[in-house]
Amino acid sequence: MDLGASDSYTTADSGDNIPQTASSSSVYEILLLIQSDDLTLKVQAAREIRRLTKSSKRYRRYFSNAVKSLVHMLHSNSFESKEAALLALLNLAVKDERNKISIINAGALEPIICFLQSENSTLQDHATASLLTLSASSVTKPIISASCVIPRLVDVLRQGSSQAKVDAVMALYNLATYQGNLNLILQTEPIHFIVDLLKSCKKSSKAAEKCTALIESLVCYEEGRTAVTSEGGGVLAVVEVLESGSLQCREHAVGALLTMCQSDRCKYRETILKEGVIPGLLELTVQGTAKSQTKAQTLLRLLRDTPYPNSELEPDTLENIVSNIICQIDGEEQLGKTKEMLAEMVQISMEQSLRHLQQRALVCTPADLSISSFKES
């Protein structure tokens with residue numbers, strides 16, 4: 001599975017949107033202040049760097065020379081100094097690969113990881129956001145992965161603020177793409193906290209997308225599958241994303257359920273079926289992404305009595321597959337909803353076929369028509 005990287009705290013980037021009043025002398029002045037011995041002036045300069053780099057790629061380049069001084073401020077005993085420096089570094093790292101690498105090379109990782117364990121929730125929040133942004137780089141992932149940060153991020157996922165939990169799961173999502181990290185993540189037993197976050201967040205949100213993407217990766221391992229099914233409402237949470245998530249969320253959700261069923265159909269088939277997955281799968285077969293449609297159809301085949309066609313007299317169509325499943329469903333409400341979805345799916349399929357025929361008719365040339373007429377006669 002391809003897990004992409006993403007930055008956090010990204011603001012609307014206006015590219016080279018620098019006010020006309022800005023001058024090289026003001027940049028030079030700020031760079032001088034950030035290197036001064038006066039802590040008050042350093043904090044003032046860090047705040048100005050944060051402000052100017054919030055929405056300007058060019059300013060991020062201009063202030064790349066401030067990275068070492070800002071990292072040094074992270075070791076200060078002053079909360080104001082730590083916060084100002086951390087936020088300035090965060091903005092410098094957003095959408096700037098070179099700054100990400102410079103920040104890591106300057107030694108920022110150690111104090112930032114320490115802030116994850118801080119009793120000060122503000123520092124913890126900023127540190128989690130910083131790690132999310134820094135982990136978006138393929139160059140920095142190996143360094144961050146080797147720093148024992150994964151257990152700390154899971155701790156934030158367990159007891160951090162609402163925003164810190166979202167940033168932590170997104171940082172774990174970024175790190176999960178690096179070889180060997182899935183095993184490290186599994187060892188921290190994060191499924192309970194990931195499912196908790198998935199239950200509480202909007203099913204079409206970025207947080208839901210990263211949660212389901214992580215679950216899809218983790219259920220490739222037996223420990224991950226066991227953890228999801230043992231977690232109360234774990235499978236149901238994935239099914240709910242499949243029903244009402246964004247297209248990308250639903251693709252990850254159906255991928256997770258399919259992986260489970262393919263790994264051991266007898267063990268996971270009933271568990272998945274009883275959570276009312278059929279209506280969502282039916283909808284995906286006609287309205288999901290190309291990958292979702294294929295995965296949904298494959299999972300539907302695995303969920304029926306036998307994953308193989310019953311006979312040559314009963315074609316292996318989606319309608320027959322679902323009709324076979326309907327016979328096994330308990331509960332009038334779920335049965336009624338499934339039948340309704342089946343009828344809607346068939347209707348949509350017919351409409352799509354009709355549109356396809358109409359499009360073909362529109363592009364048909366007179367030569368095509370004459371050849372066709374000759375053959376028919």
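As the structure is a computational prediction, the values presented were derived from the model and not from experiment. All residue numbers in this chain count up from 1 along the given sequence.
Summarising the local packing, CD of E80 is surrounded by 12 or fewer heavy atoms from other residues, nucleotides or ligands at distances under 6.0 Å. Heavy atoms of other residues, nucleotides or ligands lying less than 6.0 angstrom from CD of Q262 number more than 12. By the neighbour-count criterion of 12 heavy atoms within 6.0 Å, atom NZ of K68 is sparsely surrounded, having that number or fewer from other residues, nucleotides or ligands. In the displayed structure, Q179 atom CD is contacted under 6.0 Å by at most 12 heavy atoms of other residues, nucleotides or ligands.
Residues satisfying the side-chain contact (heavy atoms from CB on, under 4.5 Å) test with A45, not counting sequence neighbours, are I30, L33, I34. For T40, the side-chain contact (heavy atoms from CB on, under 4.5 Å) criterion is met by D38, not counting sequence neighbours. Applying the side-chain contact (heavy atoms from CB on, under 4.5 Å) criterion to K203, with sequence neighbours excluded, gives E240, V241, S244. Judged as a side chain to side chain donor-acceptor pair (under 3.5 Å), and not counting sequence neighbours, the contacts of E222 are R225, T226, K267, Y268. Residues forming a side-chain contact (heavy atoms from CB on, under 4.5 Å) with L184 (at least two apart in sequence, or on another chain): I150, N181, Q187. In this structure, S130 has no side chain to side chain donor-acceptor pair (under 3.5 Å) partners at least two apart in sequence or on a different chain. Applying the side chain to side chain donor-acceptor pair (under 3.5 Å) test to S161 and every residue at least two apart in sequence or in another chain returns D125. Residues satisfying the salt bridge (charged side-chain N to carboxylate O under 4.0 Å, His left out) test with E251, not counting sequence neighbours, are none. Listed by chain and residue number, R51 satisfy the side chain to side chain donor-acceptor pair (under 3.5 Å) test with E48 (two or more places apart in sequence, or in another chain).
Contact of the V149 side chain with the L116 side chain is registered, since non-hydrogen atoms from C-beta on lie closer than 4.5 Å. Between V228 and E231, every side-chain heavy-atom pair lies at or beyond the 4.5 Å cut-off. Looking at heavy atoms from C-beta onward, I103 lies out of side-chain contact with L109 at the 4.5 angstrom threshold. The closest side-chain heavy-atom distance from Q248 to H252 is below 4.5 Å. Using a 4.5 Å heavy-atom cutoff, the side chains of Q293 and V286 are not in contact. Side-chain contact check for N183 versus Y221: some heavy-atom pair is nearer than 4.5 Å. Looking at heavy atoms from C-beta onward, L247 lies out of side-chain contact with Q287 at the 4.5 angstrom threshold. The shortest side-chain heavy-atom distance between M73 and K42 falls under the 4.5 Å cut-off.
Using a cutoff of 4.0 Å between basic side-chain nitrogens and carboxylate oxygens, R250 and E283 are scored as salt-bridged. Salt-bridge check for D96 with R61: passed, with a basic side-chain N closer than 4.0 Å to an acidic carboxylate O. Of the charged side-chain nitrogens involved, at least one lies within less than 4.0 Å of a carboxylate oxygen, so that K295 and E216 count as a salt-bridged pair.
No continuous path of hydrophobic side-chain contacts links L236 to L257 [ILVMFWY only; heavy atoms under 4.5 Å]. One hydrophobic cluster holds both L86 and I113 under the rule that ILVMFWY side chains link at heavy-atom gaps under 4.5 Å.
The two residues G276 and V239 make their nearest non-hydrogen contact at O-CG1, 4.1 Å. Of all the heavy atoms in A46 and A85, the pair that sits closest is CB-N, 4.2 Å. Taking all atoms of both residues into account, the shortest heavy-atom contact from G232 to K199 is O-NZ, 2.6 Å. The two residues A168 and T128 make their nearest non-hydrogen contact at N-CG2, 3.5 Å. For the pair V238 and L198, the tightest heavy-atom approach, listed with the atom from each and the gap, is N-CD2, 4.4 Å.
For R269 (side chain) and R304 (main-chain N/O), a donor-acceptor pair under 3.5 Å exists by modelled atom type. Without hydrogens or angle criteria, T140 side chain to I101 main chain gives no donor-acceptor distance under 3.5 Å. Put simply, the side chain of N99 never gets that close to the backbone of S64: no donor and acceptor are under 3.5 Å apart. Between the side chain of S205 and the main chain of K202, a donor-acceptor pair closer than 3.5 Å is present. Of the possible polar contacts, none joining the T177 side chain to the Y173 backbone as a donor-acceptor pair under 3.5 Å is found. Distance alone, capped at 3.5 Å, places no donor-acceptor pair between the D167 side chain and the L132 backbone. No donor-acceptor distance shorter than 3.5 angstrom exists from the side chain of S81 to the backbone of N77, with no hydrogens or angles considered. With hydrogens and angles ignored, the 3.5 Å screen pairs no side-chain donor or acceptor of S56 with any backbone N or O of T53. Proximity of a side-chain donor or acceptor of R158 to a complementary backbone N or O of F193 within less than 3.5 Å is not detected.
To the nearest 0.5 Å, atoms CD1 (I191) and CD1 (I215) are separated by 6.0 Å. From D155, atom CG reaches atom OG1 of T188 across 8.5 Å, with rounding to the nearest 0.5 Å. The CG atom of L284 sits 4.5 Å away from the CG atom of L242 when rounded to the nearest 0.5 Å. Atoms CG and CG, on N174 and L134 in that order, are 10.5 Å from each other to the nearest 0.5 Å. Distance OG1/T298 to CG/L258: 6.0 Å, rounded to 0.5 Å. Distance CG/N105 to CD1/I143: 6.0 Å, rounded to 0.5 Å.
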Task: Residue pair L303, L299: steps toward the side-chain contact (heavy atoms from CB on, under 4.5 Å) verdict - done: CA-CA 6 Å; L303 291 176; L299 183 54; 4.0 Å; yes
TODO: Starting from the C-alpha separation in whole Å, work towards a yes-or-no answer on side-chain contact (heavy atoms from CB on, under 4.5 Å) for I272 and L302.
DONE: CA-CA 11 Å; I272 295 171; L302 289 172; over 6 Å; no
Task: side-chain contact (heavy atoms from CB on, under 4.5 Å) assessment of K95 paired with R60 - done: CA-CA 9 Å; K95 296 182 180 179; R60 289 173 199 145; 4.1 Å; yes
TODO: Determine, stepwise, if the pair L70 / L92 fulfils side-chain contact (heavy atoms from CB on, under 4.5 Å).
DONE: CA-CA 11 Å; L70 289 167; L92 280 169; 3.6 Å; yes
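Side chain to side chain, S137 and E97 meet the donor-acceptor criterion of an N or O pair below 3.5 Å. For the residue pair S292 and T289, a side-chain donor N or O sits within less than 3.5 Å of a side-chain acceptor on the partner.
Here Y178 is tied to no hydrophobic group at all, with no ILVMFWY side chain closer than 4.5 Å.
Sorted by first and then second residue, the side chain to side chain donor-acceptor pair (under 3.5 Å) pairs with a member in residues 110-123 form an empty list; sequence neighbours excluded. Judged as a ring-ring contact (aromatic ring centres under 6.0 Å, His included), the pairs with a partner in residues 63-91 (not counting sequence neighbours) are, in order, Y59-F63.
Paired with P190 under the rule side chain to side chain contact (heavy atoms under 4.5 Å, CB included), one option of L153, L197, V154, L214 passes, and it is V154.
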